[in-house]
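Along the sequence shown, residues carry numbers from 1.
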Amino acid sequence: MSDRYLEQRISIKFCVKLNKSASETHHLLKEAYGDEVMSRARVFDWHKRFKEGREDVRDDARSGRPVTHRTDDNIQKVKDLVCSNRQLTVRMMAEELNLDKETVRLILKENLNMRKVSAKVISGVLKGLHGRIFNEQ
């Protein structure tokens, strides 16, 4: 659970068990957490949930598509696709794999440590490197 407000929800639950009001709870949280306190509306919402018998301090699961499509399976699919044809664009890969373009771009950049390289720049670098190698011999 990496929720930054998890600790505050636990504190709200504790205050509910002590029969503190939502206003008192918010005041105590402001005193303890300062600028990092959750909004008054969120405190009142969580206070109500715990008062009605809720036990879990974590967020409810949300419907819809998962937060990320950067799964091990998709990372492997992108890697295989890139290895089969290095001339594919991000758009072409996204269409082929039925993934979002940004997802494919992030997989390439962050998971596979790949980046777009211009052939003109590389050929210039190689020419310079080639010249240095032969001049040293």
Side-chain angles (χ1 to χ4, degrees):
M1 278 185 269
S2 62
D3 190 336
R4 71 181 212 177
Y5 292 127
L6 184 63
E7 186 177 327
Q8 291 182 46
R9 290 182 196 152
I10 294 168
S11 300
I12 294 167
K13 186 176 178 181
F14 180 72
C15 287
V16 167
K17 290 186 182 281
L18 293 177
N19 290 319
K20 300 284 184 192
S21 71
S23 293
E24 288 175 297
T25 301
H26 185 252
H27 177 75
L28 290 169
L29 288 172
K30 271 192 351 190
E31 200 172 303
Y33 294 99
D35 292 338
E36 297 297 314
V37 70
M38 66 172 63
S39 71
R40 180 178 169 88
R42 289 293 100 214
V43 171
F44 276 62
D45 181 49
W46 280 100
H47 189 276
K48 181 181 176 195
R49 291 179 193 188
F50 293 130
K51 196 155 185 92
E52 291 171 348
R54 181 182 175 119
E55 289 296 321
D56 195 359
V57 294
R58 292 172 290 174
D59 272 330
D60 294 329
R62 296 180 184 195
S63 64
R65 116 177 171 186
V67 175
T68 182
H69 278 97
R70 288 169 52 191
T71 62
D72 290 338
D73 187 42
N74 284 339
I75 292 168
Q76 188 61 47
K77 286 178 183 177
V78 170
K79 183 178 181 181
D80 293 343
L81 197 56
V82 168
C83 289
S84 72
N85 183 355
R86 294 215 173 241
Q87 294 180 345
L88 290 173
T89 65
V90 171
R91 177 180 286 158
M92 291 163 63
M93 286 187 268
E95 288 172 1
E96 176 78 22
L97 299 172
N98 198 25
L99 293 172
D100 184 67
K101 285 187 304 186
E102 183 64 8
T103 300
V104 172
R105 190 190 69 75
L106 288 172
I107 288 173
L108 289 168
K109 182 179 178 187
E110 296 178 5
N111 298 100
L112 300 176
N113 296 319
M114 293 181 172
R115 57 192 165 91
K116 187 175 175 180
V117 179
S118 169
K120 290 180 181 177
V121 173
I122 289 299
S123 64
V125 170
L126 291 176
K127 283 179 188 174
L129 181 63
H130 184 270
R132 278 184 270 158
I133 291 172
F134 286 105
N135 289 336
E136 291 174 4
Q137 293 179 353

Please determine whether side-chain contact (heavy atoms from CB on, under 4.5 Å) holds for the pair Tyr5 and Arg42, giving the CA-CA distance in whole Å, both sets of side-chain angles, and the decisive distance to 0.1 Å. CA-CA 10 Å; Tyr5 292 127; Arg42 289 293 100 214; over 6 Å; no

Is there a side-chain contact (heavy atoms from CB on, under 4.5 Å) between Phe44 and Ser23 once you walk through the steps? CA-CA 8 Å; Phe44 276 62; Ser23 293; 3.5 Å; yes

Give the C-alpha distance, both sets of side-chain angles, the deciding distance and a yes or no for side-chain contact (heavy atoms from CB on, under 4.5 Å) between Asn74 and Arg70. CA-CA 6 Å; Asn74 284 339; Arg70 288 169 52 191; over 6 Å; no

Between Ser11 and Leu28, is a side-chain contact (heavy atoms from CB on, under 4.5 Å) present by the stated rule, with each step listed? CA-CA 9 Å; Ser11 300; Leu28 290 169; over 6 Å; no

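The environment of Asn85 atom CG is dense: over 12 non-hydrogen atoms of other residues, nucleotides or ligands sit within 6.0 angstrom. Crowding of Arg54 atom CZ: a count of heavy atoms from other residues, nucleotides or ligands under 6.0 Å exceeding 12.
How far CD1 of Ile12 is from NZ of Lys20: 14.5 Å, rounded to the nearest 0.5 Å. Taken from CZ in Phe50 to OG1 in Thr25, the straight-line distance is 10.5 Å, to the nearest 0.5 Å. To the nearest 0.5 Å, the span separating CD on Glu110 from CZ on Arg105 amounts to 7.0 Å. Rounded to the nearest 0.5 Å, atoms OG1 (Thr103) and CG (Leu108) are 11.0 Å apart. Considering CZ of Arg9 and CE of Met38, their distance stands at 5.5 Å, rounded to 0.5 Å. Between the CD atom in Glu95 and the CG atom in Leu88 there is a gap of 10.5 Å [rounded to 0.5 Å].
Checking side-chain atoms of Glu24 against main-chain N and O of Ser21 turns up a donor-acceptor pair under 3.5 Å.
Applying side-chain contact (heavy atoms from CB on, under 4.5 Å) to Ile107 and the options Val90, Val78, Val82, Thr71 leaves one that passes, Val78.
Connection of Leu106 to Leu99 is not established within any shared hydrophobic cluster, with ILVMFWY side chains joined at heavy-atom distances below 4.5 Å, either directly or through further cluster members. The same ILVMFWY cluster, assembled from side-chain heavy atoms under 4.5 Å apart, contains both Leu112 and Val104.
In this structure, Tyr33 and Gln8 approach most closely via the heavy-atom pair CE1-CG, 3.5 Å.
Counted by atom type alone, Gln76 and Asp80 present one or more donor-acceptor pairs between their side chains at under 3.5 Å.
A heavy-atom distance below 4.5 Å is found between the side chains of Glu55 and Lys13.
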